[in-house]
Amino acid sequence: MLSAVCSNCSLRVTEATSPLMRIKTSVPWKNNDSAYFYKPTSRGIEQWKRLPLWSSKRRHSNPLFSRESFGYISGNNNSGRNGENKIVCFASRETGSIYTWPDNQKPRVCILGGGFGGLYTALRLESLEWPDDKKPQVLLVDQSENFVFKPMLYELLSGEVDAWEIAPSFKDLLENTNVKFVKDKVKILKPSDYLLEKGPEILKSGGTVHLESGIIVEYDWLVLALGAEAKLDLVPGAAEYALPFSTLDDALKVDKMLTLLERRQFENNSSPIHIAIVGCGYSGVELAATISERLQNKGIVKAVNASTTICPTAPPGNRETALRVLSSRNTQLFLGYFVRCIREFSSIDISEENSPPGEDVNKQAKGLKKFILELQPAEKGLESQNLEADLVLWTVGSKPLIPQSEPFEYMQVIPINGRGQVETDETLRVKGHRRIFAIGDSAAFRDSAGKILPSTAQVAFQQADFTGWNLWAAINNRPLLPFRFQNLGEMMTLGRNDAAISPSFIEGFTLDGPLGHAARKMAYLLRLPSDEHKVKVGMSWLAKSAVESVASFQNTFIETFISSKR
């Protein structure tokens with residue numbers, strides 16, 4: 001006879017010589033609930049028994065109970081109480097509501113994150129041809145109501161685009177599809193497919209996702225595409241005084257702060273506005289170029305970078321074009337410096353005597369502050385110095401938004417590297433998990449040289465396409481394709497009529513200026529997520545271009561007319 005006890009939930013299993021199994025537990029269970037138990041062997045984790053659960057107390061009919069109970073028998077016969085074997089199981093009572101799928105007979109695909117990776121995977125699944133009984137139900141979960149086309153957030157600051165053009169709602173984008181959307185934040189993952197590294201797949205699901213609202217989503221297939229957020233804990237004061245620039249809310253907040261500073265400078269004829277940007281990668285350089293063009297003679301942009309060059313990984317043509325544009329504007333580069341800390345300098349008291357009644361922007365400008373950035377040399381021959389700034393923007397570092405997983409005593413459930421990214425195999429599946437894919441900023445996909453691919457929109461686009469196909473293949477029992485990234489080139493905006501594009505298929509060529517700007521917008525227009533949205537945005541951009549052309553012609557005509565009269 002073999003008996004075992006679970007140290008987590010007091011679940012006790014007794015195996016007699018007959019097939020009859022008895023389970024006693026202090027946890028109440030629903031009628032007909034059952035548990036799969038696993039034991040370690042030389043070949044890995046193998047199924048031991050599937051057992052029905054009886055409660056030693058009254059039967060509980062609460063419909064909010066989870067039906068998850070996974071565990072295994074440990075190899076140490078003396079690890080339990082009274083010489084019993086020890087088992088580890090996830091026999092735990094859950095609180096929350098169960099998400100109801102329309103049809104539990106069809107595959108259930110849950111996609112976490114609605115960025116480039118998540119949304120485009122959902123749309124790819126929708127576009128594929130499926131057998132009637134295999135077409136999956138797709139649920140997209142994101143904490144925001146809007147998809148954000150992040151490469152064009154800079155155009156919000158320059159006024160080239162409206163928020164609806166680059167941040168349409170998921171409701172509108174998915175209106176004519178079968179993809180369901182839930183606005184929520186992921187709290188915890190409880191995968192179960194890692195228990196089936198060998199042998200037939202007998203589990204009813206791949207696991208569950210627990211959302212902060214209390215909703216529990218049971219899935220068959222999971223896609224992790226949660227992206228990343230700014231890492232503001234690298235320098236003292238950054239979290240308190242610096243603003244990141246990676247979301248729609250970030251961009252709107254920066255735009256609002258710039259408006260307040262511009263209003264203060266205009267009304268009080270004060271000193272020029274000082275904007276500090278930490279980091280001179282693509283994001284920092286695009287911000288510096290956009291803001292310096294917007295402020296013109298009203299302000300100075302100070303960009304700080306630890307490296308002695310801007311955009312060190314960019315093609316030479318893009319880097320040279322960016323340097324030329326920045327040098328022609330009120331921009332100062334502090335290369336070879338670390339930011340040691342950011343601290344508040346003083347508060348600026350703005351008089352409201354001449355402020356029009358009801359003008360909230362003037363009231364908010366009253367509390368604007370100044371900051372000091374203490375710079376430490378990263379290269380020999382440089383001296384420490386302090387920078388004064390009215391606004392500090394942070395573009396250095398990021399951390400993936402991977403939720404915690406259910407703790408497990410004998411193995412790591414989700415393999416995560418030192419950067420906080422999920423390790424994947426060549427098919428974009430999470431290592432050790434048949435039913436989970438990870439893409440975009442969430443994933444640590446390594447190329448043939450062992451390097452992790454950069455966290456760019458281009459990478460996420462291509463991974464979404466492969467993930468959609470590989471989900472189709474996995475559901476239809478077809479072989480999965482290994483992902484191969486194709487670098488198509490790099491683009492960057494440098495203002496309302498300036499950009500730089502270096503296509504990979506023409507070595508040494510860079511398209512810049514107005515032509516580069518137009519080509520970049522056209523490329524991104526074609527990348528917008530739905531045909532309907534592409535048409536709406538394209539018509540809006542054409543209308544704006546026509547208005548700007550007419551206005552430019554009128555100004556030129558007036559200037560010529562005035563000159564002729566002199």
Side-chain angles (χ1 to χ4, degrees), residues 29-36 38 47 49-53 61-70 90 94 96-112 114 118-119 121-142 170 174-182 184 186 189-197 199-211 213-225 427-430 433-437 464 467-480:
W29 294 88
K30 285 177 60 179
N31 291 353
N32 302 322
D33 270 352
S34 60
Y36 290 98
Y38 294 81
Q47 184 193 7
K49 293 292 182 182
R50 178 178 183 272
L51 305 175
L53 295 176
S61 60
N62 189 337
L64 303 184
F65 267 49
S66 167
R67 293 170 47 135
E68 292 175 273
S69 301
F70 304 105
F90 298 129
E94 307 291 356
S97 57
I98 306 298
Y99 176 78
T100 303
W101 294 88
D103 186 352
N104 282 331
Q105 299 302 314
K106 293 185 177 181
R108 301 165 296 180
V109 177
C110 181
I111 301 176
L112 303 182
L119 175 64
T121 297
L123 295 177
R124 176 63 170 155
L125 289 171
E126 186 73 10
S127 68
L128 295 171
E129 294 291 333
W130 295 88
D132 291 338
D133 60 334
K134 292 292 184 70
K135 184 173 184 179
Q137 306 159 94
V138 181
L139 176 67
L140 181 65
V141 180
D142 195 272
F170 288 112
L174 302 174
E175 184 177 9
N176 297 321
T177 71
N178 293 317
V179 179
K180 305 299 181 183
F181 172 71
V182 170
D184 213 326
V186 181
L189 300 179
K190 292 188 177 181
S192 55
D193 58 349
Y194 64 92
L195 295 171
L196 293 173
E197 295 180 0
E201 295 192 9
I202 56 174
L203 294 183
K204 293 182 179 179
S205 73
T208 58
V209 176
H210 295 242
L211 306 179
S213 65
I215 296 176
I216 300 172
V217 181
E218 188 177 42
Y219 64 83
D220 297 313
W221 306 90
L222 182 68
V223 179
L224 294 176
T427 66
L428 298 174
R429 288 193 298 189
V430 176
H433 293 265
R434 297 181 181 181
R435 301 292 190 93
I436 306 179
F437 292 81
T467 300
W469 174 260
N470 279 343
L471 278 167
W472 182 94
I475 292 172
N476 288 283
N477 296 317
R478 302 288 182 86
L480 276 62

message: Would you say that L471 contacts T121 through its side chain, given a criterion of any heavy-atom pair below 4.5 Å between the two side chains?
response: yes
- request: State, to 0.1 Å, how close G207 and S192 come at their nearest heavy-atom pair, and which atoms those are.
  value: N-OG, 3.5 Å
field: Test side-chain contact (heavy atoms from CB on, under 4.5 Å) applied to N476 - qualifying residues, sequence neighbours left out
entry: W130, P131, K134, W472, R478
message: side-chain contact (heavy atoms from CB on, under 4.5 Å), that's the test. Do L119 and L140 meet it? Break it down for me.
response: CA-CA 7 Å; L119 175 64; L140 181 65; 4.1 Å; yes
field: Residues which pass side chain to side chain donor-acceptor pair (under 3.5 Å) with D184, listed by chain and number, not counting sequence neighbours
entry: S213
message: Could you check, using the six-membered ring where one of them is a Trp, whether Y99 and W101 have ring centers closer than 6.0 angstrom?
response: yes
field: Where D220 and R435 come nearest, the two heavy atoms and their spacing
entry: O-NH1, 2.9 Å
query: So, do H433 and L222 sit near enough that their side-chain heavy atoms are less than 4.5 Å apart?
result: no
- line: dist Q137:CD -> K180:NZ (nearest 0.5 Å) comes out at 9.5 Å
- prompt: Mind checking what makes side-chain contact (heavy atoms from CB on, under 4.5 Å) contact with P479, not counting sequence neighbours?
  reply: none
- prompt: Are L112 and Y219 side-chain neighbours, meaning at least one heavy-atom pair lies under 4.5 Å?
  reply: no
- prompt: In Å and rounded to the nearest 0.5 Å, what is the NZ to CG distance from K106 to N104?
  reply: 12.0 Å
- line: Here the pair of heavy atoms bringing C110 nearest to V217 is SG-CG1, 4.1 Å
query: Can you tell me how far the CD1 atom of I475 sits from the CG atom of L128, to the nearest 0.5 Å?
result: 10.0 Å
message: Less than 4.5 Å apart, side chain to side chain, heavy atoms only: is that true for V209 and I215?
response: no
field: Residue of the set I436, L224, T208 for which side chain to side chain contact (heavy atoms under 4.5 Å, CB included) holds with L189
entry: L224
Minimum side-chain heavy-atom gap H210-K190 below 4.5 Å: yes
- prompt: Do V138 and E126 have side-chain heavy atoms sitting under 4.5 Å apart?
  reply: no
- request: Spell out, as yes or no, whether a donor-acceptor pair under 3.5 Å connects the side chain of N470 to the backbone of T427.
  value: yes
message: So, using side chain to side chain donor-acceptor pair (under 3.5 Å) as the criterion, who are the partners of R124 when residues are at least two apart?
response: D465
- prompt: If you take all heavy atoms of P136 and V109, which pair is closest and at what distance?
  reply: CB-CG2, 3.7 Å
